[in-house]
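Heads up, the thing below is written out as structure tokens.
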Protein chains: 2
Amino acid sequence: MATQVGDVHEDAARRVAVPARSGARPIPQASAARLSRYLQVLGDLTTRTVSSADLARRAGVTSATLRKDLSFVGPCGTPGVGYEVEALIGQVSQVLGVHRRYRVALAGVGHLGQALAGYPGFTGRGLTIAALFDADPERIGGTVAGLQVHDIADVATVCRAADVAIGVIATPAGAAQQVAEALVDAGIRSILNFAPAALDLPADVQVRRVDLALELQMLAFHETHREPAGSAGGAVVVRR
Amino acid sequence: MATQVGDVHEDAARRVAVPARSGARPIPQASAARLSRYLQVLGDLTTRTVSSADLARRAGVTSATLRKDLSFVGPCGTPGVGYEVEALIGQVSQVLGVHRRYRVALAGVGHLGQALAGYPGFTGRGLTIAALFDADPERIGGTVAGLQVHDIADVATVCRAADVAIGVIATPAGAAQQVAEALVDAGIRSILNFAPAALDLPADVQVRRVDLALELQMLAFHETHREPAGSAGGAVVVRR
DNA sequence: GGTTGTGAATGTTTTCACAGCT
DNA sequence: AGCTGTGAAAACATTCACAACC
């Protein structure tokens with residue numbers, strides 16, 4: 001796309017607007033992300049019921065936010081009592097689609113890739129690492145976390161055979177775009193990118209990006225702009 | 001409870017409201033995060049100037065967003081021409097506080113920890129990995145990425161000696177809370193948490209959390225709720 | 001011609017506050 | 001009394017659209 005008509009339509013981003021039948025409600029992006037976290041916290045609980053205040057504290061959000069989030073799941077608590085843990089896990093899982101399993105391809109088996117391959121939290125969340133790829137001949141053919149490492153050149157064949165739906169890029173930045181294109185060619189339309197590079201892909205491919213350095217820099221930014229002690233609210237101000 | 005500034009707008013308590021002297025403007029959280037990204041992209045540029053449209057495309061945002069973000073930095077472009085790369089890098093760096101160096105302690109030297117320790121992008125962004133810790137006797141005393149691995153029990157001593165300001169937790173979930181408390185005891189007030197656990201810390205400690213499984217699950221969520229082909233807008237709908 | 005900088009408009013997310021249920 | 005569920009308000013963020021400028 002080479003649209004250069006002012007600012008109009010540069011990015012065919014995702015618009016979430018919904019006709020929605022009666023009884024159906026769209027779940028905001030932000031709420032969906034937190035629901036996943038509640039699920040995680042709920043799993044560690046040992047009590048039979050839990051209040052919004054308690055669950056919220058454990059998840060690191062306010063109780064108002066939590067109740068609003070759960071309102072998208074549907075009525076699932078008992079006024080005066082709280083939420084039944086077991087039942088809530090079931091309902092949230094249902095909404096997040098955890099019952100559905102997705103097979104994941106992981107490109108790049110360096111330290112980060114191996115950390116991901118060995119990550120324990122995937123299975124319980126509907127995710128299965130199904131294929132590993134690398135470009136390094138030293139690593140190709142070896143096994144990591146019980147899986148064989150394939151040549152990145154075989155992405156299309158292997159991914160189609162393994163019915164992969166989601167791709168993860170844990171390669172160096174220089175290889176990211178090329179690998180991403182190969183994944184898309186293999187029919188993958190959801191990509192998680194750990195490489196510090198922006199990917200240029202068709203609009204219907206969903207890309208999430210995790211930038212490790214960026215997260216640290218955000219901490220540094222706040223450290224720099226920490227309010228002078230005594231002030232009530234945190235402030236981020238710059239003189240021009 | 002500590003301020004949990006998560007990836008996807010999950011924030012319990014951030015007040016950015018400021019009397020602010022004339023000429024000063026608060027930088028929104030979201031803009032600050034993107035500014036860091038622009039800085040990264042600018043570094044890869046070889047041209048002398050760049051337009052908002054071009055820079056935006058490389059960073060994966062719209063040009064309107066980019067110009068708005070840069071407006072917080074101050075007027076820094078030339079109408080009809082664009083931004084001078086060199087100068088822009090300087091101004092954005094200034095605002096983000098990249099000139100100031102922060103020393104980082106990394107707890108947990110498993111695959112993820114080693115990936116972080118070896119990450120090339122830190123130095124250029126004002127960050128220095130200054131100390132490594134682990135609880136495994138096998139790893140203590142060894143070296144990773146040219147740094148000695150200390151016993152996690154020595155966090156306080158080593159961190160104070162090394163003047164560490166930021167802590168990173170890359171341990172298993174079970175150890176996270178304990179390690180976090182040790183870091184706080186060592187005087188650290190900014191923590192990046194990779195363990196899939198919520199940290200309960202004093203309110204003045206800033207915590208950012210990166211949950212690898214959550215990022216994947218968000219992709220899966222969208223995959224599940226992909227619009228039926230033919231419909232124009234993407235919709236996320238759940239029946240109740 | 002082309003591009004920036006920004007007020008205004010729109011869209012999204014969080015917080016408030018309270019009716020209504022147990 | 002205690003707690004949920006939710007409409008309404010507030011805060012926050014993005015996008016539009018255009019005047020001002022080169």
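Only heavy atoms go into these numbers, but all of them, side chains included; no hydrogens, no water, no symmetry mates.
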For nucleotides 8-10 of chain D, which of its nitrogen or oxygen atoms have a protein nitrogen or oxygen under 3.5 Å away, and what is each distance?
none

Rounded to the nearest Å, what distance is computed from the CZ atom of residue B:R57 to the C1' atom of nucleotide C:dT3?
16 Å
Measuring to OP1 and OP2 of C:dT15, would you say a side-chain N or O of A:T62 lies under 4.0 angstrom away?
yes
Integer-rounded Å distance: D:dT4 P and A:R67 CZ:
6 Å
To the nearest angstrom, the CG-C1' distance between A:L35 and C:dT13 comes to 14 Å
Respond yes when some side-chain nitrogen or oxygen of B:R34 is under 4.0 Å from OP1 or OP2 of D:dT14, and no when none is.
yes
Please tabulate, for side-chain N and O atoms in residues 89-105 of chain B, each donor-acceptor pair with protein atoms closer than 3.5 Å (sequence neighbours left out).
unit_1 : atom_1 : unit_2 : atom_2 : d
B:S93  : OG     : B:I89  : O      : 2.7
B:R100 : NE     : B:Y102 : OH     : 3.4
B:R101 : NE     : B:T128 : OG1    : 3.1
B:R101 : NH1    : B:T123 : O      : 3.4
B:R101 : NH2    : B:T123 : O      : 3.3
B:R101 : NH2    : B:L127 : O      : 3.1
B:R101 : NH2    : B:T128 : OG1    : 3.1
B:Y102 : OH     : A:T224 : N      : 3.2
B:Y102 : OH     : A:T224 : OG1    : 2.7
B:R103 : NE     : B:A162 : O      : 2.6

Among D:dC3, D:dT14, C:dT4, which is the nearest nucleotide to the side chain of A:S51?
D:dC3
Find the distance B:L88:CG to C:dT3:C1' and express it as a whole number of Å.
14 Å
Under 3.5 Å, is there a donor-acceptor pair between the side chain of A:N193 and the main chain of A:A197?
yes
Pairs flagged by side-chain hydrogen bond (donor to acceptor under 3.5 Å, both in side chains) wherever residues 75-86 of chain A is involved - sequence neighbours left out
none
Under 4.0 Å from OP1 or OP2 of C:dT14: is there any side-chain N or O of A:T65 that close?
no
Tell me every residue that passes side chain to side chain contact (heavy atoms under 4.5 Å, CB included) with A:T47, counting only those two or more places apart in sequence or in another chain.
A:L45, A:V85
Shortest side-chain distance from A:A64, nucleotide among C:dT4, D:dG5, C:dC16
C:dC16
Value in whole Å for how far the C1' atom of C:dT4 lies from CZ of B:F72:
15 Å
Output a table of donor-acceptor pairs, distance under 3.5 Å, between side-chain atoms of residues 32-42 of chain B and any protein atom two or more places apart or on a different chain; print 'none' if there are none.
unit_1 : atom_1 : unit_2 : atom_2 : d
B:R34  : NE     : B:D69  : OD2    : 2.6
B:R34  : NH2    : B:D69  : OD1    : 2.9
B:R34  : NH2    : B:D69  : OD2    : 3.4
B:S36  : OG     : A:Q217 : OE1    : 2.7
B:S36  : OG     : B:R125 : NH2    : 3.2
B:R37  : NE     : B:A59  : O      : 3.2
B:R37  : NH2    : B:A59  : O      : 2.6
B:Y38  : OH     : B:D69  : OD2    : 2.6
B:Q40  : OE1    : A:R209 : NH2    : 3.4

Among the nucleotides D:dG2, C:dT4, D:dT6, which one has an atom lying closest to any side-chain atom of A:P79?
D:dG2
Between B:Y83 and C:dG5, is there a side-chain N or O to OP1/OP2 distance below 4.0 Å?
yes
Rounded to whole Å, CD1 of A:I27 lies from P of C:dT13 at a distance of 12 Å
From CD of A:Q29 across to C1' of D:dA13 the rounded distance in Å is 14 Å
Holding to side chain to side chain contact (heavy atoms under 4.5 Å, CB included), I want the full list of residues that pass it with B:R189, two or more places apart in sequence or in another chain.
A:R226, B:D204
Can a donor-acceptor pair be found, under 3.5 Å and without considering hydrogens, that links the side chain of A:Q177 to the backbone of A:D200?
yes
Just to confirm, is there a sub-4.0 Å distance from OP1 or OP2 of C:dT13 to any side-chain nitrogen or oxygen of A:S31?
no
Measure CG/B:L66 against C1'/D:dC16 and give the value in whole Å, please.
16 Å
Short side-chain N/O contact to C:dC21 OP1/OP2 from A:T78, under 4.0 Å
no
